[in-house]
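Indexing begins at 1, ligand by ligand and atom by atom, following the structure's order.
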Amino acid sequence: MSGGALQTVGPGPGVGGATEVAAGLEAARCRTLALLEPVPEPLLLRQHSELLSPLVWDLAHIANFEDLWLLRALGDAGVGAGYDGLYDAFLHPRRTRGGLAMLDLAAARGYGDRVRERVLDLLHCDGIGGDDDLRAEGLVYAMVVQHEHQHDETLLAALHLLPEGYAGLVAERLAPPSLGTTPAERVVPGGTYAIGTSSDPWAYDNERPAHPVEVAPYAIDAIPVTNAAWADFLAADGYDQRALWSETGWVWRHEAGLQRPLGWEPDGAGGWLRRRFGRLEAVPADEPVQHVCWYEADAFARGAGRRLPTEVEWEVAATCDPATGAKQRHPWGDGPWRPELANLGAARLGPDPVDAHPEGRSPVGCYAMEGDVWEWTSSGFDRWPGTVAFPYEEYSEVFYGGDYKVLRGGSWATDPSVSRGTFRNWDHPIRRHIFAGLRTARDA
Ligand SMILES: [Fe+2]
């Protein structure tokens, strides 16, 4: 948008009172336990990948985080201070957690139950009360609800890698059909746009504050890159064309033996199969590609004669209306999520066809900007101007400026409470176990 006052995103949905907070906490716990329920305990205790914790470690860590923030940080004695060392994510890198003397499943569940019972007692007696910064607008409750859902997405990433399938972990694939459209790229006019938010009670510190950013005109794909497009990249030997890869990407492509997205295998007839949740299935042509690392995404974009969008370009295309200057919380507007708008919440345990949610298009006409797959951007993870770390300093502070690339938009495994147009995710450029794909862009 050019000229006129800069509009920023509205306050968004409030966190609500004690009843809503209790319901949000309960919904998160139901989801956690439902994900773990089909899996035999020995597999829950095992380290499946050096990138992911044993699933039972996550379960007790979720309880410990709630103990720290909804009990002890709010003045209560808490119920499990003795576990702080064991479940501190910064003391124990993921690859080492399998060797820890962890609580078993029953003990981890018991710890979670004891914490939750005390939290609900306090909510019942005091409400979300208190006018301290932690409780203002329910901020600390929003943080704990989101923390559990974010770990649930990590649980899904681990379950995705299990060698065997379990009933309950493979959903009936009743995805909405592709509409058969292949929308062209969208051109976004240059101007000054509002990035971030100052008023959304669900927003983490790294999304704050809202601030103006000058953006040059650009064009961005209306849909994420599909599996069909990735198969074309493979057919054109994209993984072997040195010119498409950055220097570090080329080194990593050889070191790691990258040849195709994680989980893909040839079907013997020129097509592709993929392994997920212990099952082998045909790769659906019209879904967004997932399980590619940043280096692969960067090479694909170059192969298409394009580039990855910057993080700011991604947010503008998802949340800004260049015609009116308005900024929205979501691509579809400020209203709450509905299943028709975006594929969030793991209802179908996989992505939908890229054009399956036309109602959820952004003001500039981009599809699937929330849900389906996280999208790699060209940007490193840096502090927005004016960000003040609060309340959980380790959430972002220690990662700014590191070897990370920003991902935007949430995935099919992301809970709606964690999905909004300003949400920022980041990971190392070599990571492929997350549900990440891309869309491409170019200068206009
Ligand atoms: Fe955590």
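Between Y111 and D67, the side chains place a donor N or O and an acceptor N or O closer than 3.5 Å (distance only, hydrogens not considered). Looking only at atom types and distance, the side chain of E207 has a donor-acceptor partner in the side chain of T422 under 3.5 Å away. A side-chain donor from one of W412 and Q290 sits under 3.5 Å from a side-chain acceptor of the other.
With sequence neighbours left out, the side chain to side chain donor-acceptor pair (under 3.5 Å) criterion links D205 to no other residue. The side chain to side chain donor-acceptor pair (under 3.5 Å) test applied to Y218 returns no partner, not counting sequence neighbours.
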Please list every donor-acceptor pair under 3.5 Å in which a side-chain atom of residues 117-130 meets a protein atom from a residue at least two apart or in another chain.
unit_1, atom_1, unit_2, atom_2, d
R118, NE, D76, OD1, 2.9
R118, NE, D76, OD2, 3.4
R118, NH2, D76, OD1, 2.6

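Less than 2.8 Å away from the Fe ion (ligand 1), the protein contributes these N/O/S atoms: H61 NE2, H147 NE2, H151 NE2.
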